[in-house]
Amino acid sequence: MNPILTKHIKSRFIKEFSHEPIIIKSPGRINLIGEHTDYNEGFAIPAAINKGIVTAIQKSTTDLCTVIANDLSETYSFSLKKIQSIQNGGWKNYVLGVVAEIQKKGITIKPFNLIFGGDIPIGAGLSSSAALENSIVFGLNELFSLGLSKKEMIQISQKAEHNYAGVKCGIMDQYASMFGIENGALLLDCRTTESSNISINFNEYQLLLINTNVKHSLSESAYNNRRRVCEKIASLLNVKALRDASEEDLKQLKIKISEEDYHKALYVIYENNRVLKAVKAIKNNKLLDFGKLLYETHEGLQKKYMVSCHELDLLVDKAKQNPAVIGARMMGGGFGGCTLNIVKKSELNSFTITVEKAYKEHFNKHCSFYTIEFSKGTHLAEE
């Protein structure tokens with residue numbers, strides 16, 4: 001993660017609070033494949049990346065907690081005696097949520113000061129919220145010797161997202177940010193929250209994110225809607241989650257549910273199977289097969305789960321048309337954010353020029369490009 005950012009956050013903390021802080025680095029994440037499978041207790045292949053949140057934290061000498069969002073130049077102070085979510089509170093609710101969920105476990109913490117900043121592009125779907133939540137709970141665990149395990153910490157982060165940010169996310173984002181590894185990804189079983197490491201060598205290819213720089217307003221409500229649909233269909237099938245359902249099971253239900261809901265559930269079943277196929281492709285070093293699965297995932301997200309948008313579809317279409325790209329798909333909750341692309345390194349520059357031109361012509365706005373590498377999960381900066 002960016003050493004200049006780390007140095008800046010630390011120096012700002014000392015300037016503001018006159019104490020040496022503990023520094024935590026918490027990465028964002030990508031998801032190679034397995035989109036919208038996490039809240040269906042399925043499989044995914046997420047990875048922590050070399051962009052994230054840097055948090056500086058230390059005990060306060062006052063009765064209040066003071067938190068500074070460095071990149072937004074915003075400061076918020078609150079008492080630990082009365083924690084409540086704030087309507088339209090943005091980043092403040094992630095902080096409050098983590099503190100509240102720690103307190104719900106009967107754990108006492110004392111006032112603290114905190115500054116955070118990051119280099120995760122806003123709205124890119126790289127889980128800046130999970131990185132922030134993890135950095136806070138990790139920092140508080142270190143600062144007050146709370147004795148929380150990493151699994152307990154990500155559960156606190158997830159509950160903060162549910163109860164204070166109002167997003168009923170699965171566990172994948174927090175898990176990948178906390179447990180990520182260098183030089184690879186994780187095969188995550190979202191039911192057991194167990195993972196195995198997958199070493200990946202992309203050889204002459206580079207992972208490239210292309211940010212649409214749009215976030216359509218219905219994204220959060222649509223996310224929660226799809227989760228409700230999946231839970232409803234799992235209940236009708238009398239299974240715990242769609243992970244346990246087959247296409248044959250779903251066909252028995254077709255006359256009882258809408259066509260739209262049928263295809264949403266079918267997407268989840270197909271995607272779960274794609275993840276397992278992707279693991280085999282990666283382990284056998286068949287990158288072309290892996291790339292084809294990414295294209296299949298995008299088509300499913302676009303036509304069955306219906307969470308794509310024109311901007312994302314254009315970017316994936318341009319990738320498909322270019323022989324230097326072996327796979328691409330929209331990534332994240334949908335309706336904006338990034339596409340994930342596997343591009344031949346030697347053609348990276350020409351590909352980005354072509355895409356930038358087409359995107360500007362179609363939408364009269366710019367897209368952004370980020371090459372990314374794998375990173376280890378949330379950790380103390382001195383490690």
Side-chain angles (χ1 to χ4, degrees), residues 5-26 52-118 120 122 127-150 152-167 173-174 177-178 378-382:
L5 173 64
T6 306
K7 187 177 179 181
H8 174 72
I9 295 297
K10 182 177 181 179
S11 63
R12 174 140 192 222
F13 188 97
I14 293 169
K15 181 182 176 184
E16 295 283 348
F17 300 112
S18 304
H19 286 94
E20 189 83 10
I22 294 171
I23 304 289
I24 299 94
K25 293 183 176 183
S26 192
I53 298 286
V54 175
T55 292
I57 188 170
Q58 193 49 267
K59 294 173 184 175
S60 174
T61 55
T62 74
D63 292 333
L64 295 176
C65 299
T66 298
V67 183
I68 298 174
N70 179 74
D71 305 334
L72 300 173
S73 299
E74 293 179 6
T75 301
Y76 178 62
S77 295
F78 62 95
S79 168
L80 289 170
K81 292 176 183 176
K82 192 178 181 182
I83 304 289
Q84 290 181 321
S85 63
I86 304 169
Q87 190 170 2
N88 301 318
W91 63 267
K92 301 178 189 72
N93 282 331
Y94 298 121
V95 180
L96 293 169
V98 168
V99 172
E101 294 301 331
I102 290 173
Q103 290 178 333
K104 282 180 189 177
K105 292 175 76 72
I107 296 171
T108 300
I109 58 174
K110 293 180 180 177
F112 60 89
N113 297 317
L114 185 151
I115 297 180
F116 71 90
I120 302 176
I122 299 297
S127 297
S128 56
S129 60
L132 175 58
E133 290 152 359
N134 281 354
S135 75
I136 296 164
V137 68
F138 195 99
L140 291 171
N141 191 52
E142 288 290 327
L143 187 61
F144 296 112
S145 302
L146 304 181
L148 296 167
S149 68
K150 285 187 174 183
E152 288 174 315
M153 285 191 265
I154 63 170
Q155 287 162 357
I156 286 167
S157 293
Q158 184 192 30
K159 286 177 181 175
E161 190 105 16
H162 286 189
N163 299 328
Y164 279 73
V167 179
D173 295 350
Q174 290 81 7
S177 174
M178 183 68 75
T378 307
H379 60 280
L380 289 172
E382 52 262 35

For this session: Find the distance between OG1 (T108) and CG (L146) and round it off to the nearest 0.5 Å.
Result: 9.5 Å
For this session: Work out which heavy atom in A165 is nearest to a heavy atom in Y94; give both atom names and the distance.
Result: CB-CE2, 3.5 Å
For this session: Supply the atom-to-atom distance S77 OG to D63 CG, rounded to the nearest 0.5 angstrom.
Result: 12.0 Å
For this session: Mind listing the closest non-hydrogen atom pair of M178 and I154 along with its distance?
Result: CB-CG2, 3.4 Å
For this session: Check the pair L148, I107 against side chain to side chain contact (heavy atoms under 4.5 Å, CB included), reporting the backbone distance first and the verdict last.
Result: CA-CA 10 Å; L148 296 167; I107 296 171; 3.8 Å; yes
Exercise. Between T66 and E16, does a side chain to side chain contact (heavy atoms under 4.5 Å, CB included) hold up when you go through it step by step?
Worked result: CA-CA 10 Å; T66 298; E16 295 283 348; over 6 Å; no
Exercise. CD/Q158 to CG/N134 distance, rounded to the nearest 0.5 angstrom?
Worked result: 11.0 Å
Problem set entry | Greater than 12 external heavy atoms within 6.0 Å of K104's NZ | yes
Exercise. Counting only heavy atoms not in K10, do more than 12 sit closer than 6.0 Å to its NZ atom?
Worked result: no
Problem set entry | Student check: side-chain heavy atoms of K25 and T6 closer than 4.5 Å | yes
For this session: Taking all heavy atoms of I120 and all of S128, pick out the closest pair and write down the distance.
Result: CD1-CA, 3.7 Å
Exercise. Side chains of E74 and W91: closer than 4.5 Å at any heavy-atom pair?
Worked result: yes
Problem set entry | F116: which of V54, T55, I9 passes side chain to side chain contact (heavy atoms under 4.5 Å, CB included) | T55
For this session: Answer whether the closest heavy-atom distance between the side chains of F13 and Q58 falls below 4.5 Å.
Result: yes
Exercise. Are any non-hydrogen side-chain atoms of H8 and N70 less than 4.5 angstrom apart?
Worked result: yes
Problem set entry | Atom pair CG (L96) and CD (E101), whose distance is rounded to the nearest 0.5 Å | 11.5 Å
Exercise. Is the side chain of S177 donor-acceptor paired with the backbone N or O of Q174 at a distance under 3.5 Å, no angle test?
Worked result: no
Exercise. Can any side-chain N or O of S26 pair as donor or acceptor with the backbone N or O of A131 at less than 3.5 Å?
Worked result: yes
For this session: For N113 and C65, indicate whether the former's side chain and the latter's backbone hold a donor-acceptor pair under 3.5 Å.
Result: no
For this session: Could you check if a side-chain atom of R12 sits within less than 4.5 angstrom of a side-chain atom of I68, using non-hydrogen atoms only?
Result: yes
Exercise. Between M153, E133, E161, which is the residue that forms a side chain to side chain contact (heavy atoms under 4.5 Å, CB included) with V98?
Worked result: E133
Exercise. Hey, does the side chain of Q103 reach the backbone of L80 with a donor-acceptor pair shorter than 3.5 angstrom?
Worked result: yes
Problem set entry | Backbone N/O of I86 and side chain of N93: donor-acceptor pair under 3.5 Å | yes
Exercise. What residue among I24, I22, I109 forms side chain to side chain contact (heavy atoms under 4.5 Å, CB included) with L140?
Worked result: I109
For this session: Considering non-hydrogen atoms only, spot the tightest contact between I14 and H19 and give its length.
Result: CG1-O, 3.5 Å
Exercise. Which heavy atom in F112 sits nearest to a heavy atom in I57, and how many Å separate them?
Worked result: CD1-CD1, 4.0 Å
For this session: Report the distance from atom OG1 of T61 to atom CZ of F17, rounding to the nearest 0.5 Å.
Result: 9.5 Å
Problem set entry | G118 backbone acceptor or donor facing D71 side chain under 3.5 Å | yes
Problem set entry | Interatomic distance, E152 atom CD to I102 atom CD1 [nearest 0.5 angstrom] | 11.0 Å
For this session: Find out whether V95 and L114 are in side-chain contact, i.e. whether some heavy atom of one side chain is under 4.5 Å from a heavy atom of the other.
Result: no
